[in-house]
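Just follow the structure's listing: the first ligand is 1, and inside any ligand the first atom is 1.
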Amino acid sequence: MTTLLFTHESGLAHVSPLGHPERAERLEAITAALAGPGFAALARRAAPLADEAEVLRCHAPEHLAGIKAARPERGWSQIDADTYMSPGSWEAALRAIGGAEAAVDAVLSGEAANAFVAMRPPGHHAERDRAMGFCLFGTVSVAARYALDHHGLARVAVLDFDVHHGNGTQDLLWDEPRAVFVSSQQIPLYPGSGHADETGAHGQIVNLPLRPGSGGAEMRAAWRPALARVADFAPDLILISAGFDAHRDDPLGGLNWTEDDFAWITGAICDLAAKTCGGRVVSCLEGGYDLDALAASVAAHVTVLMERGQ
Ligand SMILES: [Zn+2]
């Protein structure tokens, strides 16, 4: 068994206005980090283009049509206060979904033990009817529904350790009893949601607010009992919204995580997966805006996936 990396050069063609933190250089930094000698055993695949109908697993038809219509021929179209599309954004967003779904296919077929999908734009802020927070479509939620409905899984878990709340994932999975969603986030911070009393229509959503300035100890204390709850749920597959902006060097977040903390949470999730679902984990890139911290944190994350995937 092996660990698969899904990525595609179209992830570089989603171009942001100058000075925007969610920029193509993020993916270049990750690609460079994963080209190192420690990652020679990583199997690499091109993220395929998802059919646009896959978006409808979670989003309203009007949202799909609106994003499709907003594609600019040149320059940018502005979707919300901080969300833009360039001419390459449509393909990039569909390949992010295609990569996540292909990763689900590979992990469920036994071709790989686990997988990391390094694509952008990110997805966890996109709600059913609107793009926001750099995100056009809810990539991880679409992949979760794909695992449930296409592959017929009974239960999946979506775990989100991005510094920002995955309000989009929460919105898309709010009434989905087959999916547990656990999200840790700094509060207060954008987008403002993610309080502990937001628990989903079936009590299957777990929010873990973290105080500004808190670090690895507080993170571990929050996640340990949450992961025990996920174990009780007995998912058939675990999806990760892997954001690395809780790193202490990140310019958008105010937490103090280190590469070791990302390695710890990855290992803890892999331990849980080994207990409940044969180790099956699909991790998808979300945020992370300091290029050096992002590269080092992704390297730590993927290293653990590779160790546990052997
Ligand atoms: Zn984030």
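Proximity of the aromatic rings of His165 and Tyr190 is defined here by a centroid distance below 6.0 angstrom, and this criterion is not met. Ring centroids of Phe39 and Phe116 are separated by 6.0 Å or more, keeping the two rings apart.
Relative ring orientation between Trp257 and Phe161 is described as tilted, the plane-to-plane angle lying within the 30° to 60° band.
In terms of distance to the Zn ion (ligand 1), the nearest N, O or S atom of His164 is named ND1. The name of the N, O or S atom in Asp245 nearest to the Zn ion (ligand 1) is OD2.
Distances from the Zn ion (ligand 1) show that Asp162 has an N/O/S atom below 2.8 Å.
Counting heavy atoms of neighbouring residues, nucleotides and ligands inside a 6.0 Å radius, atom CZ of Arg44 exceeds 12 of them.
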